[in-house]
Amino acid sequence: MFSVYEVGDFVEVSGLSNFSTSHTFECGQCFRWNKDEDGAYVGVAFGHAAKIFKRRACLYISGTMDEFEKIWRPYLDLDRDYDALRHRFAVDDFTRAATAFGSGIRMLKQDPWETLCSFILSQCCNIPRIKKMVEALCENFGDPLDFEGKKLFTFPSAEKIAELSLSNLDVLRSGYRAPYVLSAARAVADGEIVFEELYSMPTCDARKKVLSLNGIGPKVADCFLLFGLQKFDAFPVDTWIKKAQILYPGKLDPSRFGPYAGIAQQYLFFYARESGLKV
DNA sequence: GAACAGGTGAAGT
DNA sequence: ACTTCACCTGTT
């Protein structure tokens, strides 16, 4: 377990293992955390801005204890035992290397709408471009936040996007993805998609529901289920996981990782993308 | 310029 | 059920 203290404008978390800010914020699960000049990550989630960094084995998160308990503790998934997960996933040389390489990854408990919308935009784009489109969405349609002299923006609600017209989304430069975003926003605003219902459904039923939306296929649906609804059995297969499957000696069957296969996926994805593996 | 990118859906076998 | 292709845009 870990200890938490309020230190100035920060909450200090000590005794926490398996937390890497760079691995967590740059493993591809999120698009709104950026490194500042001091190496700290600054971002916005659930309408709150924060600065997060590690120093001398402690994790520091700006804001009050109340904010920490309400927002950041669950968001950063601090209460999960990642030693146990990594032990479970490391069943051979390949998976051992992947879990070691990605040590410190945490599965962010992200907002469902933000996750759905971001991954609709992500198709056939690299991370810099995804980030640009997401930031354009927030700057144009989100609410401004003043954070340490910088102007940040919240992620706009589905209701806000739903009332826009297609041409309003031209500022995103998102091409053929724009109508997908708009129809998803309207499905949420109209109550056609209700996230609270999806939470309580079995993964396969929730999957069917989001697959019915135009422009959402298996990959985006699984990313949404995993990152936005914490359906840890969802296992998104993208080009990097396909590379890992080619390199893996034998068959890479998600079911071998049990109900947390999606977390194993993050280690495998990060390993395939960042470790310089060649197919 | 051409090819390709963290995908999807339609149309063709 | 599997393969091919166009799709908008930004980057080699």
Side-chain angles (χ1 to χ4, degrees), chain A residues 22-34 98 101-102 105 107-108 110 114-141 161 164-188 192-193 204 206-229 231-232 234-248 251-252 254 261-279:
Chain A
S22 59
H23 288 183
T24 296
F25 293 129
E26 297 186 37
C27 71
Q29 61 180 325
C30 60
F31 305 105
R32 300 212 62 209
W33 290 91
N34 296 299
F101 186 84
I105 288 177
M107 300 296 289
L108 297 175
Q110 303 186 64
E114 174 172 337
T115 309
L116 183 65
C117 190
S118 300
F119 279 93
I120 288 171
L121 289 171
S122 80
Q123 56 193 73
C124 237
C125 293
N126 55 25
I127 289 188
R129 186 172 171 204
I130 302 167
K131 285 184 156 189
K132 267 187 201 164
M133 293 188 291
V134 170
E135 279 322 297
L137 185 72
C138 297
E139 285 170 17
N140 283 280
F141 309 113
I161 302 302
L164 300 175
S165 68
L166 202 49
S167 60
N168 289 324
L169 293 178
D170 287 350
V171 287
L172 306 188
R173 314 290 299 152
S174 63
Y176 61 83
R177 302 158 192 82
Y180 302 160
V181 166
L182 204 55
S183 69
R186 288 177 180 164
V188 173
E192 164 64 21
I193 294 285
C204 60
R207 193 172 193 266
K208 274 181 206 148
K209 185 74 186 170
V210 287
L211 281 176
S212 72
L213 295 173
N214 190 241
I216 297 184
K219 193 274 179 182
V220 170
D222 286 336
C223 284
F224 162 68
L225 294 169
L226 179 59
F227 304 129
L229 294 185
K231 302 281 189 193
F232 293 122
F235 192 92
V237 175
D238 58 28
T239 91
W240 294 102
I241 288 295
K242 283 176 188 161
K243 283 181 194 183
Q245 286 171 334
I246 290 167
L247 292 163
Y248 185 74
K251 189 169 162 16
L252 194 53
I263 304 183
Q265 188 270 6
Q266 272 300 278
Y267 289 107
L268 293 165
F269 169 89
F270 188 65
Y271 183 57
R273 185 164 72 91
E274 297 288 332
S275 72
L277 286 182
K278 292 279 186 301
V279 176

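A note on names: the letters A, B, ... follow the listed sequences, proteins ahead of strands, and every chain is numbered from 1.
Note: CD1 (A:I130) to C1' (C:dC8) measures 15 Å, nearest angstrom. Per the geometry, NZ belonging to A:K243 stands 13 Å off P belonging to B:dC4, to the nearest Å. To the nearest angstrom, P of B:dA5 lies 15 Å from CZ of A:R273. A straight line from CG of A:L121 to C1' of B:dA5 spans 15 Å, rounded to a whole angstrom. Spacing between atom OH of A:Y180 and atom P of B:dG9 amounts to 6 Å, rounded to whole angstrom units. In this entry the distance linking CZ of A:R207 with C1' of B:dT8 reads 13 Å, nearest Å. Residue A:F119 contributes atom CZ, which lies 12 Å from atom P of B:dT8 at whole-angstrom precision. Atom CG in A:L213 sits roughly 13 Å away from atom C1' in B:dT8 (whole-Å rounding).
No donor-acceptor pair under 3.5 Å is formed between the side chain of A:S118 and the backbone N or O of A:T115. Between the A:N168 side chain and the A:L164 main chain, no donor and acceptor come within less than 3.5 Å of each other. The main-chain N or O of A:M107 is never found under 3.5 Å from a side-chain atom of A:Q266 such that the two would form a donor-acceptor pair.
Residues A:F119 and A:Y180 keep their aromatic ring centres 6.0 Å or farther apart. Ring pair A:Y267/A:F101: centre-to-centre distance not below 6.0 Å.
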Review point. Pairing of DNA chain C as dot-bracket, 5' to 3': ( ) intra-strand, [ ] crossing, | other strand, . unpaired, with Watson-Crick or G-U pairs under 3.5 Å?
Key: |||||||.||||
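Residue contacts shown for A:I216 are limited to sugar-phosphate atoms, with no base heavy atom under 4.0 Å away. Counting any heavy atom pair closer than 4.0 Å across all strands shown, A:P218 reaches sugar-phosphate atoms only and no base atom. Residue contacts shown for A:G215 are limited to sugar-phosphate atoms, with no base heavy atom under 4.0 Å away.
You'll find that the side chain of A:Q123 is closest to B:dT8, out of C:dC8, B:dG9, B:dT8. Distance from the side chain of A:R173 is smallest for C:dT9 among the nucleotides C:dT9, B:dA5, B:dT8.
Spacing between B:dA11 and C:dC8 at atom P, rounded to whole Å, works out to 16 Å.
Along DNA chain C, the nucleotide nearest A:N126 and the nucleotide nearest A:Y176 are compared for position; the residue whose nucleotide lies closer to the 5' end is A:Y176. Heavy-atom distances to DNA chain B give each of A:N214 and A:C223 a nearest nucleotide, and the one nearer the 5′ end belongs to A:C223.
Between A:W33 and A:S22 the shortest side-chain heavy-atom distance does not fall below 4.5 Å.
In plain terms, the two heavy atoms of A:C125 and A:R177 that are nearest each other are SG-NH2, 3.5 Å.
Side chain A:R129 to base C:dT11: no donor-acceptor pair is found below 3.5 Å.
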